Colleague: 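Below you will find the structure I want to go over with you.
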Amino acid sequence: MPHTETPGTEAVPATRMRWWTELPLILLVYACYSAGRLVVRGDVADAVDHGLALLRMEKALYLNAEHPLNRLFTREPWIGIPADFWYASLHYLVTPALLVWLFRSRAVRYRAARTWLMTSTFIGLIGFTLLPTCPPRLLDASHGFVDTMAHYSSWGWWGGEASAPRGLGGMTNQYAAMPSLHVGWALWCGVILWKHGRGRWARTAAVVYPLVTTIVVMGTANHYFLDAVAGAAVMGAGYVLAPYVTRSADALKARFRIGATAVPAVSSGTDAAIVSDGCQTSAGERIPRQRQPEPRYGAEPGASPTDAGEGAPAPAR
């Protein structure tokens, strides 16, 4: 009876993923991301030039939303302080929490979502390497930006150098502003909540979280608007490339398994054991050493049944 699948059911993944293999993989990718930000610092003069070029481009396109937002966040502590907490915390809490939630309750969708996130993160690391960019908060004060993280540092655990914990600001690359992975990861979270979340709250959070994150990174003077656009573009590129990454990983894994489980072939000079040992059981043939019937009286050995007379038994069929 042919097998039919019930409409609406999801296929179970062929290989069940285990947390003890997924966790080291995620930690490895994040370590590479952090180490890349630390090692690839770039030239400060080039980073400042790139930042000023982005600012001039935004002014020419009338996209300069950073100045009014930054003034608002600096003037109103009830907005600026929560925004600093948002920037310094949720980027490192919401994304891992959604990965764990997918792994536990949406296992069929987890691998594709994880591969998309990791691929986009590596693309972002390439951007940090090729285009070191000075964020607005590190520009000269004459450009009109205030570093709200330093302005409100007494309210949180961060210092005046970066969103890193106080005293550890020197261990991060402050010129890794392009693209904004704060915005990119927030967009990933929004898509995951929209596609796989249930209820109105999930859809609301899917829209609010990336939108507020985009406002926060500009209001705190950590990113330009074009950094946010680049962060979204990086996530789009990662989404397109993720299926190819998955197929390449599957092919590499299959090749490794085949090489590990290969059995040496039997040499041509070795005679394989034959079960029948020369016995032929085809229709019309006798089994070797089978007792042959004695010829009837008057019939010569080897004579056919017709030669032995009419009463001879019929040939085997």
Side-chain angles (χ1 to χ4, degrees), residues 25-58 60-61 63-66 87-88 90-92 94-96 99 113-139 145 149 161-164 169-191 210-211 213-218 220-245 248:
L25 176 62
I26 293 173
L27 291 178
L28 176 63
V29 172
Y30 184 75
C32 292
Y33 163 69
S34 300
R37 286 170 56 99
L38 177 63
V39 174
V40 185
R41 293 181 178 273
D43 184 76
V44 175
D46 289 342
V48 172
D49 290 342
H50 294 155
L52 293 176
L54 288 177
L55 194 59
R56 288 192 297 269
M57 189 181 304
E58 289 183 1
L61 297 173
L63 297 175
N64 183 22
E66 297 91 331
Y87 183 83
L90 297 187
H91 179 64
Y92 307 102
V94 176
T95 308
L99 277 172
R114 178 257 286 159
T115 305
W116 173 25
L117 179 66
M118 291 183 176
T119 304
S120 302
T121 300
F122 275 112
I123 297 174
L125 183 57
I126 295 173
F128 299 153
T129 305
L130 299 180
L131 193 67
T133 304
C134 179
R137 64 185 178 85
L138 294 183
L139 292 176
F145 290 104
M149 304 292 292
E161 293 179 304
S163 59
M171 297 182 64
T172 184
N173 179 10
Q174 299 191 72
Y175 299 102
M178 168 67 77
S180 171
L181 286 185
H182 270 75
V183 173
W185 285 14
L187 181 60
W188 178 89
C189 293
V191 173
L211 180 60
T213 299
T214 303
I215 295 173
V216 163
V217 300
M218 292 189 293
T220 57
N222 279 285
H223 289 281
Y224 306 94
F225 175 75
L226 290 180
D227 292 343
V229 173
V234 161
M235 297 309 296
Y239 183 83
V240 172
L241 294 176
Y244 299 98
V245 174
S248 299

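Fair warning: this is a prediction, and the values are worked out from it, not measured in the lab.
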Colleague: Rounded to the nearest 0.5 Å, what separation is found between the NE2 atom of His91 and the OG1 atom of Thr213?
Modeller: 9.5 Å
Colleague: Side-chain contact test, heavy atoms from C-beta onward, threshold under 4.5 Å: evaluate it for Leu55 versus Phe145 and give yes or no.
Modeller: yes
Colleague: Do you know the tightest heavy-atom contact between His182 and Tyr87?
Modeller: NE2-O, 3.1 Å
Colleague: For the backbone of Thr121 and the side chain of Trp185, can you confirm whether one donor and one acceptor N or O come within less than 3.5 Å of each other?
Modeller: no
Colleague: Just wondering, do Leu99 and Arg114 contact through their side chains at under 4.5 Å, heavy atoms?
Modeller: yes
Colleague: So, for Ser120 and Val234, which heavy atoms are closest and what is the spacing to 0.1 Å?
Modeller: O-CG1, 3.1 Å
Colleague: How about Trp116 and Val191: do any of their side-chain heavy atoms sit closer than 4.5 Å?
Modeller: yes
Colleague: In Å, rounded to the nearest 0.5 Å, how long is the span from OG1 of Thr133 to CG of Leu52?
Modeller: 10.5 Å
Colleague: Identify the two heavy atoms, one from Cys189 and one from Thr95, that lie closest to each other, and give their separation to 0.1 Å.
Modeller: SG-OG1, 3.6 Å
Colleague: Any chance you could measure Thr220, atom OG1, to Met149, atom CE, to the nearest 0.5 Å?
Modeller: 7.0 Å
Colleague: To the nearest 0.5 angstrom, please state how far the CZ atom of Phe225 sits from the CG atom of Leu54.
Modeller: 12.0 Å
Colleague: Compare all side-chain heavy atoms of His223 with those of Val183 and state whether any distance is below 4.5 angstrom.
Modeller: no
Colleague: Donor-acceptor check, side chain of Glu58 to backbone of Tyr224, threshold 3.5 angstrom: yes or no?
Modeller: no
Colleague: Are the side chains of Leu63 and Val229 in contact, using a 4.5 Å heavy-atom criterion?
Modeller: no
Colleague: To the closest 0.5 Å, what do you measure between CG (Leu181) and CG (Asp227)?
Modeller: 10.5 Å
Colleague: Please report the closest heavy-atom contact between Ala221 and Pro136, naming both atoms and the distance.
Modeller: O-CD, 3.5 Å
Colleague: As an exercise, state the distance from CE of Met178 to CG of Leu226, rounded to the nearest 0.5 Å.
Modeller: 6.0 Å
